[in-house]
Amino acid sequence: MTIAQTYGGGAAGRGETRPDLREAIRSKTIGVIRNASDDNMKLYTVLERSALSGWTVAVGVPEAEIESAARSALMVSIIGLAAAVCCATLAAVFFARRLSRSIRQVARSAHALGGSGEAARSAVSGVAEVDEVQAAIVAAAAVVEQERQSRLVAETEREILFEREHEARTKAEQQNRAKDEFLAMLGHELRNPLAAIVNATGVMAHPGMPAAASERAREIITRQSGHLTRIVDDLLDMGRVHSGKILLERRALRLDQVIDNYMATLRASQRSARHELRVDSAPVWVDGDPTRLEQIVSNLLDNALKYTPAGGTISVTVKAEGEEAVLCVSDSGIGIAPELMPYVFDLFVQGARPLDRAQGGLGVGLALVRQLALMHGGRADVRSAGMGLGSSFELRLPRVHAPQSEVSVPAPAPSSRQRVLLIEDNEDGREMMAMMLEAQQYRVDTAIDGVDGLRQAALACPDIALVDIGLPGIDGYEVARRMRADPATSKVRLVALTGYGQDSDRERALGAGFDAHLVKPVDMARLMEALEAPQLAKTAG
């Protein structure tokens, strides 16, 4: 309820007013006052004076209505404040938890940065400063982890390098010991036949020795020279095999004939006199190099003779099995220990090496057997039941069909008494070769070096020149080139007689103008074959 009254001047208008209202009007009060109505209702009265008329307008509103509205507004305000407080509390709790989680994550990241092994993880908290700290810690942790990984890699590499260095040092020490053992073996194997040769020459030179003793000395010299030749040949051939410098001159041949030829040589040399040899061979054809196949047979039989005590039995069989030709050399010797079996064909491998070295050898022969077998497309195997139970070596080669007609090699013709110029700087070698050639009815002139050889060739006009390669002054290659360039000597047949025996040496000799290339020490039959060939082809021996 609203009560409105208007009053003029400072006096009351019509109607009576309460004294307190009249007093407020009289005092020109403007604003709100509390008063009572005529019926004693408590009011809030608003007084406003007009500037134009001077009248005062009083509007009264019951106090109950004002306070009721105020209480409603207050209640609304209290409720709103409570709601705001609740919202603020919830927001504070929410952000506090996010901040707490972020701080804990920062703490974990910092802990991980300290090297706990836990990976630092990035999380968004909504607080820019905390997120920046977290990002910085994660970045630092990434750098630390990268450095740690780098250290681990470096440590791993150091360990690998240390292990490799240790292995290399151990291997070098083993190789050094193997080298020393090999040199000791080589010295032993070379000195034994050399000592026998020296003693035999002493026997032959002694004036009081009977003819039988001199004959025996000659046999010893021949046998021990052959032994030295085999040692040197095995060493050189093993080096050539490993460097790929052996070229096989293959043709169809009967493996059983290779065995028969070598067995005849072996029996003639008396090397097998203290053993019982049994041979059972059947005709079987292979595609092989006859010289290298004989070398395989020689090494297998030498190995059997070496490790079979006197009175033992050595059996040799040749047969065909399917598409393979099989050569088997069995003995009743000392056998092979089980731990040595996987390494029998390795280079320089032997059984126990007592000081007496009754078996001898360099441990090269069987390694050469395996390599030559592989070069022929075959393989070599070994079996042994153990120590004292003998051993059996087996060579398997691909079989081939027999050719339409067997090609026989004609025997060398008798000496044609040709004039031979021997150019050799080694005095003893020159003298012995000249004596052997003269014994075969050749007319021999000798020269001590390349220059002397060219002079002798121009004077004597020889039919054949045997030229050493390693000559002082000008070497044998240059001698051959100059003789070929000189019309007076261009038709002379040139034979290189040298200790350089690799395939590259042969090719170089033939390229320089030589007709043949023979490797020292040359067998006299092989030399005669070269000297008496109708047309000296480009050959090697």
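Keep in mind that the numbers below use all heavy atoms, side chains included, and drop hydrogens, waters and symmetry copies.
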Could you check whether any side-chain N or O of [X] sits under 3.5 Å from a backbone N or O of [Y], counting only pairs where one atom can act as donor and the other as acceptor?
| X | Y | answer |
| --- | --- | --- |
| Arg399 | Val286 | no |
| His275 | Ile314 | no |
| Ser281 | Asp256 | no |
| His376 | Leu372 | yes |
| Arg250 | Asp287 | yes |
| Ser384 | Gly390 | yes |
| Asp486 | Arg482 | no |
| Ser298 | Glu294 | no |

Got [X] and [Y] here, is their nearest side-chain heavy-atom distance under 4.5 Å?
| X | Y | answer |
| --- | --- | --- |
| Arg292 | Met375 | no |
| Asp425 | Asp449 | no |
| Gln440 | Met436 | no |

For Asp331, side chain to side chain donor-acceptor pair (under 3.5 Å) partners two or more places apart: Ser391
His517 versus Thr498, closest heavy-atom pair with distance: NE2-CG2, 3.5 Å
Test salt bridge (Lys or Arg N to Asp or Glu O under 4.0 Å) applied to Glu167 and Arg164, step by step: CA-CA 5 Å; Glu167 292 176 357; Arg164 289 178 179 173; over 6 Å; no
[X], [atom1] atom: more than 12 neighbouring heavy atoms under 6.0 Å:
| X | atom1 | answer |
| --- | --- | --- |
| Gln149 | CD | yes |
| Glu427 | CD | no |
| Arg455 | CZ | yes |

Kindly list each side-chain donor-acceptor pair under 3.5 angstrom involving residues 153-162, sequence neighbours excluded, with atom names and distances?
from   : atom 1 : to     : atom 2 : distance (Å)
Thr156 : OG1    : Leu152 : O      : 2.8

Gap between atom CD of Glu438 and atom CG of Leu422 - 0.5 Å precision: 10.0 Å
Nearest-0.5 Å distance, CD1 of residue Ile221 to CG of residue Asn199: 10.0 Å
Salt bridge (Lys or Arg N to Asp or Glu O under 4.0 Å) evaluation trace for Arg508 with Asp505: CA-CA 5 Å; Arg508 185 178 179 187; Asp505 300 319; over 6 Å; no
Salt bridge (Lys or Arg N to Asp or Glu O under 4.0 Å) between Arg379 and Asp381, worked out: CA-CA 7 Å; Arg379 66 184 187 277; Asp381 298 310; 3.5 Å; yes
